[in-house]
Amino acid sequence: MIYSLGEMLIDLMQEGTHYVPYPGGAPANVAAHARRSGAEAVFVGKISTDAFGDMLHATLEDHNILFPLERSHKNTAIALVSHKNGERHFQFYRNDTADLSLNLEDIDKIPFSTNDILHFCSLGLARENTTRAAHHYAIGKWKENGGIVSFDVNLRERLWGSLNEAHSAIKEVLHLVDIIKVNETELTFLSDTEDILKGMKRLQTQGQLVICTLGEAGSQILKPNGDMITYKTDAVNQIDTTGAGDSYIAMILSSLSLAN
């Protein structure tokens with residue numbers, strides 16, 4: 001089973017001069033993609049009782065990835081996603097929102113089993129709140145039970161008080177996980193080098209599987225034994241890259257889950 005932990009929110013996607021609400025949030029995306037590929041997967045996170053929360057809750061049910069938790073009376077977090085010259089720009093509205101109220105009691109409801117996979121992203125670590133504590137608690141319980149822990153850095157700078165705070169919170173958990181996924185920018189941020197191989201080796205402090213996505217250049221995977229695998233991509237017309245990294249890591253986790 002894959003338990004994808006963290007936030008589910010509303011993406012207000014720019015479509016011409018309008019913004020249209022869509023269900024979003026990297027952990028929820030990962031659970032949905034993994035389920036579609038045939039793996040057992042659920043999303044674990046707090047959903048609001050507001051109208052947007054009803055939309056998100058229905059989406060989880062439709063995709064059969066709902067892990068039942070008590071819903072929060074706080075508002076749903078919103079991400080405003082605009083595009084300029086083919087690049088995405090995010091503006092977040094996430095102050096004391098429902099997703100930030102995940103707690104230790106929620107984590108205790110998860111039936112941990114050996115070889116289960118826990119997946120999370122750095123948004124669950126942003127700011128001191130019950131959600132950050134719940135993430136650390138979940139990581140500890142997973143390691144105690146012999147599970148696999150996957151971490152997609154998925155850095156969103158605007159959600160942190162400072163980049164120093166983000167750097168510290170992310171580096172604090174890197175040695176605790178089994179899989180690390182970054183993009184080129186995140187790799188440089190965490191390893192202090194633009195050399196892909198050197199940067200990946202710097203992150204691999206405990207024999208982790210390290211994945212770096214490189215956009216149109218494909219991706220590279222550093223295996224625990226030190227071997228490097230390079231994947232090239234076919235040229236396609238880029239329309240919207242939102243959620244691309246989520247689908248990528250979902251397929252990795254799905255393959256691991258189905259192999260167990």
Side-chain angles (χ1 to χ4, degrees), residues 2 4-15 19-39 41 43 45 56 59-60 63 65 77-92 99 117 119-124 126 150-159 166 170 177 179-190 196 199-200 203 209-222 229-258:
I2 300 169
S4 198
L5 181 70
E7 76 285 349
M8 190 179 189
L9 43 74
I10 289 292
D11 283 333
L12 289 179
M13 303 289 293
Q14 183 180 10
E15 296 185 4
Y19 287 87
V20 180
Y22 289 96
N29 291 340
V30 169
H33 283 297
R35 175 70 73 170
R36 284 180 181 176
S37 73
F43 166 75
L56 299 181
T59 299
L60 294 173
H63 286 80
I65 56 172
I78 295 174
L80 195 69
V81 187
S82 56
H83 296 85
K84 185 177 181 180
N85 300 324
E87 295 296 326
R88 299 170 301 158
H89 297 272
F90 293 90
Q91 178 65 50
F92 290 93
D99 61 297
I117 298 173
H119 177 71
F120 70 101
C121 304
S122 67
L123 265 68
S150 165
F151 179 36
D152 182 355
V153 172
N154 196 37
L155 180 64
R156 297 289 180 260
E157 297 179 15
R158 290 177 177 268
L159 286 176
I170 293 169
V177 307
I179 300 170
I180 303 169
K181 177 190 166 294
V182 291
N183 60 30
E184 291 174 271
T185 302
E186 293 160 349
L187 180 64
T188 299
F189 172 65
L190 294 171
I196 300 298
M200 294 175 75
L203 295 191
L209 180 74
V210 182
I211 302 166
C212 183
T213 55
L214 305 168
E216 64 181 12
S219 62
Q220 291 188 298
I221 298 178
L222 181 62
I229 304 173
T230 300
Y231 291 98
K232 299 295 184 180
T233 60
D234 296 328
V236 297
N237 292 326
Q238 177 177 304
I239 298 175
D240 190 343
T241 60
T242 304
D246 303 334
S247 60
Y248 183 108
I249 190 62
M251 295 303 99
I252 297 287
L253 300 183
S254 178
S255 297
L256 287 173
S257 182
L258 292 170

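For clarity, every value in this text was computed on a predicted model and none was experimentally measured.
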(request) Look up atom CD1 in Ile2 and atom NE2 in His119, then write down how far apart they are to the nearest 0.5 Å. (result) 9.5 Å

(request) Decide yes or no on side chain to side chain contact (heavy atoms under 4.5 Å, CB included) for Val182 and Phe189, but give the supporting numbers first. (result) CA-CA 10 Å; Val182 291; Phe189 172 65; over 6 Å; no

(message) Looking at every heavy atom in both Met8 and Ala28, which two are closest together, and how far apart are they?
(response) CG-CB, 3.8 Å

(message) Within this structure, what is the CG-CZ distance for the pair Leu159 and Phe92, rounded to the nearest 0.5 Å?
(response) 5.0 Å

(message) Tell me the closest heavy-atom pair linking Gly25 and Leu9, and the distance in Å.
(response) N-CD1, 3.8 Å

(message) Closer than 3.5 angstrom, by distance alone: can the side chain of Thr233 be matched with the main-chain N or O of Glu216 as a donor-acceptor pair?
(response) yes

(request) Starting at CG of Leu56, measure out to CZ of Phe43 and round the result to the nearest 0.5 Å. (result) 8.5 Å

(message) Taking Val153's backbone N and O only, do any of them form a donor-acceptor pair with Ser122's side chain (distance below 3.5 Å, no angle check)?
(response) yes

(message) Against Leu222, only a single residue in Ile211, Ile196, Val210 fulfils side-chain contact (heavy atoms from CB on, under 4.5 Å); can you say which?
(response) Val210

(request) State the CD1-OG1 distance between Ile10 and Thr59, to the nearest 0.5 angstrom. (result) 7.5 Å

(message) Testing the basics here: between Leu258 and Ser37, what is the closest heavy-atom pair and its distance to 0.1 Å?
(response) CD1-O, 4.1 Å

(message) Checking Ile179 against Ile117 for the side chain to side chain contact (heavy atoms under 4.5 Å, CB included) test, could you report, in this order, the C-alpha distance in whole Å, the side-chain angles of both residues, the deciding distance, and whether it holds?
(response) CA-CA 10 Å; Ile179 300 170; Ile117 298 173; 5.9 Å; no

(message) Could you measure the distance from the CG atom of Leu155 to the OG1 atom of Thr185? Nearest 0.5 Å is fine.
(response) 9.0 Å

(message) Does Glu157, at its CD atom, have more than 12 non-hydrogen atoms belonging to other residues, nucleotides or ligands within less than 6.0 Å?
(response) no

(request) I would like to know whether Leu190 and Ile180 meet side chain to side chain contact (heavy atoms under 4.5 Å, CB included); could you show each step before the answer? (result) CA-CA 12 Å; Leu190 294 171; Ile180 303 169; 5.9 Å; no

(message) Quick check against the 3.5 Å criterion: does Glu186 have a side-chain atom that pairs as donor or acceptor with the backbone of Asn154?
(response) yes

(message) Under a 3.5 Å threshold, yes or no: a donor from one side chain and an acceptor from the other, between Thr213 and Tyr248?
(response) no

(message) Treating Ser4 as the side-chain partner and Pro27 as the backbone partner, does any N or O pair qualify as donor plus acceptor under 3.5 Å?
(response) yes

(message) Would you compute the distance between atom CG of Leu209 and atom CE of Met200 and round it to the nearest 0.5 angstrom?
(response) 8.0 Å

(request) Identify the heavy atoms of Ala250 and His33 that sit nearest to each other, and give their distance. (result) CB-CB, 3.5 Å

(request) Output yes when a side-chain donor or acceptor of Arg158 lies under 3.5 Å from a complementary backbone atom of Gln91, and no otherwise. (result) no

